[in-house]
Amino acid sequence: MTLLAFCYLAVGFFAVAFVHRAWAIASMPVHLRWELAPVPHEASKAHYGGSYLEEYEWWTKPREKSLVSEGIYMFKEIVLLRGVWEHNPRMWTFSFPFHFGIYLLVAMAGCAFLAAWGLPLFGSLARMLAILGYCLGCLGTAGLLYMRLADPKLSAFTTPATCFNLLFLFLVFSTGAYSVFGLADFTGELAKLMKAFFTIDTTVALPAAARIHVVAAAAFLVYLPFTHMLHFLAKYFTYHEIRWNDEPMTAGSAMEAEVKALLSQPVEWAAPHIGADGKKNWVDVATQEVQK
Amino acid sequence: MTHRLKIEDFGRNPDRPLTQIDLEDLVPLPPPYDQAAALPKWKELTKEAKERFACNLDGVVALGLPKPKDAAEEQATVDRFVSGLKKLLTKENNWTFLQPLVLSLEYCAKCQSCNDSCPIYTASGSNDLYRPTYRSEVWRRLVHKYLKPGGALLARLKHGDIDLNWTTVSRLYELCYRCTMCRRCAQACPMGVDNGLITHELRKLFSQELGWAPKELHERGTQLQLKVGSSTGMNPEVVKDNIQFIDEEFAEESGLDATTPWDQEDADVLLIHNAGEIMSWPENPAAFAIILNAAGIKWTLTSDEPSYDGVNYGLFYDDFQLARIALKHAGTAKKLRAKKVLMGECGHQHKVMMTISDRILLGDLSIRRESCIPLLERIVFGGKIKFDPSKNNFPVTLHDPCNITRNLGIIEPQRRILRYLCPQFREMAPHGAENYCCGGGSGFAVMSGNNFGDWRKAIASRVKFKQVLEAFRDCAGPEVKKYVCAPCSNCKGAFRDMLEYYGAKEKSSIIYGGLVELIVNAMVGLKKPFIKWEEE
């Protein structure tokens, strides 16, 4: 019962924190355009970084927006860590196994869930994914921790929290690895827990090794929103809302209404040339004449 | 070799620079530019400058920030800095870039994947101070320690330590002007964190809260432009006189119509040049006039202050100065009922008018705005003007201005023109959206105070110079005349200084110029070659 309660608490907390964070970012005001090539939804131009602004009188042409191109770009970025591979191949050596290990474990959880509902084939698959996922995770986190401490380029930026995060992750992966190798049917135990989670079966009991792993993983879930490791959420916004947000302003749009409201806010910047007094709004300040 | 810098060092040892630059550490250039000793000596800082100004970063003084008189002034500066730091993170005072800034504040993984993409860091021989992440991390730690809840101990454990004092503030101000905001690092960041944006926002903090900005960008830049009409100091009469002189001179030389129409209402095109072209590269506005007239375009320049100058240095340091100038540019277009505003060959003008201002030019100020490059492509391939590409039969390479390529994605039209008109066109590597900055970006092209000009030419422009040499490696000697096409006024300023610093005209016969000059040079019916190798 205690284990299941902790799982509910952890998942619930994470879900609330995740939604809260996503909402906090999404509800920030519209910003000025700050796109950065390449913008992959420019389907026929993205391969060289081109945009619709290359077109003569671009406003008379239909916009070419390809969600498929964005999807392919993001797939390479998220699954293969394309950016790290291209710009930091040494780090990719460990960052890729770490991240890919997580993806495999998410897939493992999905398979365990299906196995719990009477699809035994997924149980075997889950075990395979668990072995691979936990091993890659251990390799990745240990390697990253070593790099963070040993590489002088990274160590100047390494804080106690960076080490703690990686050690915490290593704990999660290593307890998982211990369980998957030490228990006869670890993924079966996980499947049991998942079924209990969804059916509120408070009688579920797990072997000690699996219990320790589940507690570690759930605790990490609680800790995660307090760290920069929530970057998988932020990344959606940095790419879609900033780098690739090339939407031109159109008269009568919701964006125009929002900008008008933002421009009516008072300005408090203190430098004399700004001429703000805490009452004048953005339009007042931007349209006041400079003394000649 | 420079010692390893820690972030914590930033506020410590106030009386000596954090790092020293040794020219032997810089990334090597190919012969005959491989001897550091053969390059011009850097300007020595005068004793008076060292006594008066903060010189505590890298031995270079770009900004000439006076040292504080006493402890009270130091504390007042720190207090104002903290006040600005807070405003930077509020919706009311900084809605313009709040979301990108907060995301860059909170989600950097500190993986340093961006480092090697920075031409300044690379050129410096990997000096830690110039890492794109160094400046950002100082700011990040300051925010977490002094603004966020949780206290100093938690901030130290989670984000690392930093001291906030006058030394920190003055160094950070100077360090904001060691980045050209080219955003190459942002392209490299897997998280989408943007160190160029952080530089931009810090510059804004200093300008908008403390009133600190480089004289070249503020007093002699946006303020002069708003007072007189142009950052060059030209008032409307002088501009018209100069253009008239240019028209006559180039009509005589070329045998083509170089007449400039002024203040025409209902024109198809209101062309706005960077006024620096008129002063320093008159062949550029002349070439535009020749091309537009030959193509039969109904166009005009304006004598409205400050709209005859497309410069808007506000982009580099101050949102309000940017908005003031952009609104006036749009106001002129509205007054003249121009069908569209055409950006001349000026990268930052492109960025300001086409994207940055896009969301603040509302209602009847929302005039259509377009780069000159697609129009030039249309004219070149339109058939109305006859060209003879053999007139451009010399090696040509293309510099991609960051603001036109990486920031706007205008990459191929200029290449299609060059491939057609320049038989020996060759690319630099890398190019297009992945180009390297010329070293003059973010206002550097007009900044040369104290010994900053030397730093800029030796370090900020170094990787670009190396790229140029590599593009011409099959014809490296001075016997072959070579042309760097740089369709941006500030970039041309950087090339002028860079080529002069390295003696590249003498040693390698490399000159630079714009795109329109190459187009006119290839026109059939031109009396004399438009590109004058000796005068460049």
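Just so it is clear, the structure is predicted and the values come from calculations on it, not from any experiment.
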Visitor: Can you check whether A:E57 reaches B:R378 side chain to side chain, under 4.5 Å on heavy atoms?
Guide: no
Visitor: Can you list the steps and then say if B:R324 with A:Q288 is a side-chain contact (heavy atoms from CB on, under 4.5 Å)?
Guide: CA-CA 8 Å; B:R324 285 166 180 163; A:Q288 69 194 12; 3.4 Å; yes
Visitor: Just wondering, do A:H273 and B:E219 contact through their side chains at under 4.5 Å, heavy atoms?
Guide: no
Visitor: Could you tell me how the ring of B:Y134 sits relative to the ring of A:F157: parallel (under 30°), tilted (30 to 60°) or perpendicular (over 60°)?
Guide: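 Geometry flag for A:F157 against B:Y134: perpendicular rings.
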Visitor: Pick one of side chain, backbone, both or neither for A:V84, based on which atoms fall under 4.5 Å of a heavy atom in chain B.
Guide: both
Visitor: Please walk me through it: do B:K328 and A:E289 pass salt bridge (charged side-chain N to carboxylate O under 4.0 Å, His left out)?
Guide: CA-CA 10 Å; B:K328 284 184 182 289; A:E289 291 295 326; 2.8 Å; yes
Visitor: Go through B:E106, B:E137, B:K6, B:E412 and name the one with the most non-hydrogen pairs under 4.5 angstrom from chain A.
Guide: B:E412
Visitor: Step by step, would you call A:W269 with B:D319 a side-chain hydrogen bond (donor to acceptor under 3.5 Å, both in side chains)?
Guide: CA-CA 11 Å; A:W269 290 102; B:D319 279 352; over 6 Å; no
Visitor: Evaluate B:M191 against A:T238 for side-chain contact (heavy atoms from CB on, under 4.5 Å), listing each step before the verdict.
Guide: CA-CA 7 Å; B:M191 304 300 156; A:T238 55; 5.6 Å; no
Visitor: If you count heavy-atom pairs within less than 4.5 Å of chain A, which of B:D116, B:L205, B:N94, B:D318 leads?
Guide: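 Most heavy-atom pairs within the cutoff with chain A belong to B:D318.
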Visitor: Heavy-atom count check: over 12 atoms from other residues, nucleotides or ligands less than 6.0 Å from A:Y103 OH?
Guide: yes
Visitor: Would you call B:Q112 and A:M91 a side-chain contact if the rule is heavy atoms closer than 4.5 Å?
Guide: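 SC-SC contact between B:Q112 and A:M91 ruled out.
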